[in-house]
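Comments concern the structure below.
Only a predicted model underlies this, so the values are computations on that prediction, with no experimental measurement involved.
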Amino acid sequence: QVQLVESGGGLVQAGGSLRLSCAASGSIFSNYAMGWYRQAPGKQREWVATINSMDATNYADSVKGRFTTSRDTAKNTVYLQMNSLKPEDTGVYYCNAFGRGNYWGKGTLVTVSS
């Protein structure tokens with residue numbers, strides 16, 4: 001099984017930045033694509049970004065130009081750099097690994113104040 005642990009959430013003002021990390025148990029990037037999802041209060045979980053084993057990335061329209069996802073293979077860690085944050089970015093952010101299975105972290109809370 002794959003274990004994922006998110007970190008880096010917190011409270012920031014609109015326009016600020018945060019960098020989220022997702023640490024994976026062992027080297028999995030060759031077999032899994034990594035994704036970021038978020039769930040705002042009272043909303044369904046939505047897809048935010050994906051990075052595959054070849055470092056190709058995709059982003060939801062709502063975060064394009066503001067968020068960047070990347071990987072550090074040596075650290076078995078994927079990142080989500082979030083810039084120009086808006087109050088509507090508030091929510092619990094989850095790391096996801098999919099390929100030979102489908103695994104989720106427990107999430108990290110991001111709160112953006114206006």
Side-chain angles (χ1 to χ4, degrees):
Q1 293 186 346
V2 175
Q3 294 179 322
L4 305 171
V5 180
E6 303 96 333
S7 63
L11 193 156
V12 297
Q13 288 185 293
S17 298
L18 279 176
R19 189 194 196 196
L20 305 184
S21 298
C22 173
S25 58
S27 182
I28 66 168
F29 296 149
S30 63
N31 294 312
Y32 290 85
M34 305 297 296
W36 289 97
Y37 291 74
R38 67 187 182 188
Q39 187 166 20
K43 303 286 187 177
Q44 291 185 306
R45 187 175 299 186
E46 64 175 342
W47 169 72
V48 174
T50 301
I51 183 167
N52 70 12
S53 60
M54 299 181 69
D55 287 333
T57 57
N58 288 283
Y59 300 93
D61 288 341
S62 59
V63 306
K64 284 182 179 177
R66 300 188 297 119
F67 291 12
T68 303
T69 188
S70 60
R71 301 184 303 169
D72 186 330
T73 302
K75 295 181 178 179
N76 299 313
T77 300
V78 63
Y79 303 96
L80 184 67
Q81 178 67 48
M82 306 185 296
N83 299 324
S84 302
L85 284 162
K86 305 174 181 179
E88 48 264 47
D89 294 319
T90 293
V92 177
Y93 283 69
Y94 298 90
C95 182
N96 169 244
F98 58 99
R100 301 195 69 180
N102 190 10
Y103 303 93
W104 296 88
K106 294 182 179 179
T108 185
L109 178 63
V110 172
T111 302
V112 184
S113 62
S114 60

- Query: In Å, rounded to the nearest 0.5 Å, how long is the span from CZ of Arg38 to CZ of Arg45?
  - Reply: 13.0 Å
Report, one line per pair, each donor and acceptor closer than 3.5 Å where one atom sits in a side chain of residues 5-25; sequence neighbours left out.
unit_1	atom_1	unit_2	atom_2	d
Glu6	OE1	Lys106	N	3.1
Glu6	OE1	Gly107	N	2.8
Glu6	OE2	Cys95	N	2.7
Glu6	OE2	Gly107	N	3.3
Ser17	OG	Asn83	OD1	2.9
Ser25	OG	Gln3	N	2.9

- Message: Less than 4.5 Å apart, side chain to side chain, heavy atoms only: is that true for Met82 and Arg66?
- Response: no
- Looking only at heavy atoms, what is the nearest atom pair of Ala97 and Leu4, with distance? N-CD1, 3.7 Å
- Message: Grouping I, L, V, M, F, W and Y whenever their side-chain heavy atoms are under 4.5 Å apart, do Tyr79 and Val2 come out in a common cluster?
- Response: no
- Item | Single-linkage hydrophobic cluster, 4.5 Å side-chain cutoff, Val78 and Tyr94 together | no
- Note on the structure: Between the OG1 atom in Thr111 and the CG atom in Asp89, the distance rounded to the nearest 0.5 Å is 11.0 Å
- Honestly curious: do Val92 and Val48 fall in one hydrophobic cluster under the side-chain, below-4.5 Å linking rule? no
- Smallest separation among heavy atoms of Tyr103 and Asn96, with atom names: O-ND2, 2.9 Å
- Query: Is any side-chain heavy atom of Asp55 less than 4.5 Å from a side-chain heavy atom of Arg71?
  - Reply: yes
- Task: Would you indicate whether the side-chain heavy atoms of Ile51 and Phe29 approach each other to under 4.5 Å?
- Result: no
- Query: Hey, is the main chain of Val112 close enough, under 3.5 Å, to the side chain of Thr90 for a donor-acceptor pair?
  - Reply: yes
- Task: Please confirm whether Trp104 and Tyr37 have ring centers closer than 6.0 angstrom.
- Result: yes
- Message: Rounded at 0.5 Å granularity, tell me how far OH in Tyr32 sits from CG in Asn52.
- Response: 15.0 Å
- Message: Do Thr68 and Tyr59 make a side-chain contact, defined as non-hydrogen atoms from C-beta onward lying under 4.5 Å apart?
- Response: yes
- Query: If you round to the nearest 0.5 Å, how far is CE of Met34 from OG1 of Thr69?
  - Reply: 8.5 Å
- Message: Once rounded to the nearest 0.5 Å, what's the spacing between atom CD1 of Ile28 and atom OG of Ser53?
- Response: 11.0 Å
